[in-house]
Enquirer: 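One structure, as structure tokens, below. Some questions next.
The figures here come from the full heavy-atom set of this structure, side chains too, leaving out hydrogens, waters and symmetry mates. In listed order, ligands and their atoms are each counted from 1.
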Amino acid sequence: MFTDSHCHLNFPELAEQLPAIRQAMAAAQVGRALCICTTLEEFDGVHALALAHDNFWCSVGVHPDNEGIAEPSVQDLLDRAALARVVAIGETGLDYYGMEDRKGGRSIADLEWQRERFRTHIRAARACAKPLVVHTRSAADDTLAILREEGEDGTRNRAGGVFHCFTESAEVARAALDLGYYISFSGIITFKSAQALRDVVAFVPMDRLLIETDSPYLAPVPYRGKTNNPSYVPWVAQQVASVRGMALEDVAQATSRNFDALFTGVLA
Ligand SMILES: [Zn+2]
Ligand SMILES: [Zn+2]
């Protein structure tokens, strides 16, 4: 059985297709998925998915790219994290990608609000001892530094978590592993141009590796460019298997076990 550790099934293009997606998941032996929250406004919709289906769980958090939305307090996050089937805080982190266009020409110094928002999430995660789903893009040094400053340094961890949709170097992976965190790979590892990232796939210990779709984005080859959904996560697993010379079934099992160790606490 495969487990998709990160998807956005509440996004309209997927929510409208949910019965068909659930059928495709069953056919592809994708038994479980974690539905990730990116604004407080969407939390109820994400949470409803986890409540309605016993193979879905959800997170609560506000994505670092989102602006013009409710800014979460530690208490906002804790109130929602205490609800049934909420197993993680995030996605949260830092995103400095595209300062010229995506960020409207602002500087990294101007993004102090992102760093504050990230600290809020870390404090909530530590307070409720739930893992962080960390999004980091063009911001690895600050992401690692803030985790350490807030106490998630690998020796004083109360949250732990995962660096999701990992696209950084082996050096950054080493630092995240040293903090006690997991590394999750998406369909990007199937892209022809991603050889450097496949080398990181070979580097991460198998007991710290997760797989995800990050759907509706980033569909793996052979669906690249199409709308992604959790039933495609075996293509990510297949790439991990081929890079590491493992059987597909063993990758499915190991990554599902890691998912349980990190999120559900139910160990088979
Ligand atoms: Zn993300
Ligand atoms: Zn995401």
Enquirer: Do any N or O atoms from the side chain of T3 and from the backbone of S5 form a donor-acceptor pair under 3.5 angstrom?
Expert: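 Here the side-chain-to-backbone pair does not exist.
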Enquirer: With 2.8 Å as the threshold, which protein atoms of type N, O or S lie near the Zn ion (ligand 1)? Leave waters out.
Expert: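 Within the sphere that stays under 2.8 Å of the Zn ion (ligand 1), the protein atoms of type N, O or S are E91 OE1, H135 ND1, H164 NE2.
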Enquirer: Tell me whether R119 contacts the main-chain N or O of E149 through its side chain, where contact means a donor paired with an acceptor under 3.5 Å.
Expert: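 The answer is no, because no donor-acceptor pair under 3.5 Å joins these two groups.
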Enquirer: Indicate yes or no for a side-chain donor-acceptor contact from R208 to the backbone of L177 under 3.5 Å, with no hydrogens or angles considered.
Expert: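 Present.
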Enquirer: Counting only N and O atoms by type, is there a donor-acceptor contact under 3.5 Å from the side chain of H121 to the main-chain atoms of V62?
Expert: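 Yes; at least one donor-acceptor contact below 3.5 Å.
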Enquirer: List the steps and the verdict of side chain to side chain contact (heavy atoms under 4.5 Å, CB included) for L14 and S215.
Expert: CA-CA 8 Å; L14 296 183; S215 48; 4.0 Å; yes
Enquirer: Report the C-alpha separation of T143 and R115 in whole Å, then their side-chain angles, then the decisive distance to 0.1 Å, and conclude whether the side chain to side chain contact (heavy atoms under 4.5 Å, CB included) test is met.
Expert: CA-CA 8 Å; T143 301; R115 293 181 284 276; over 6 Å; no
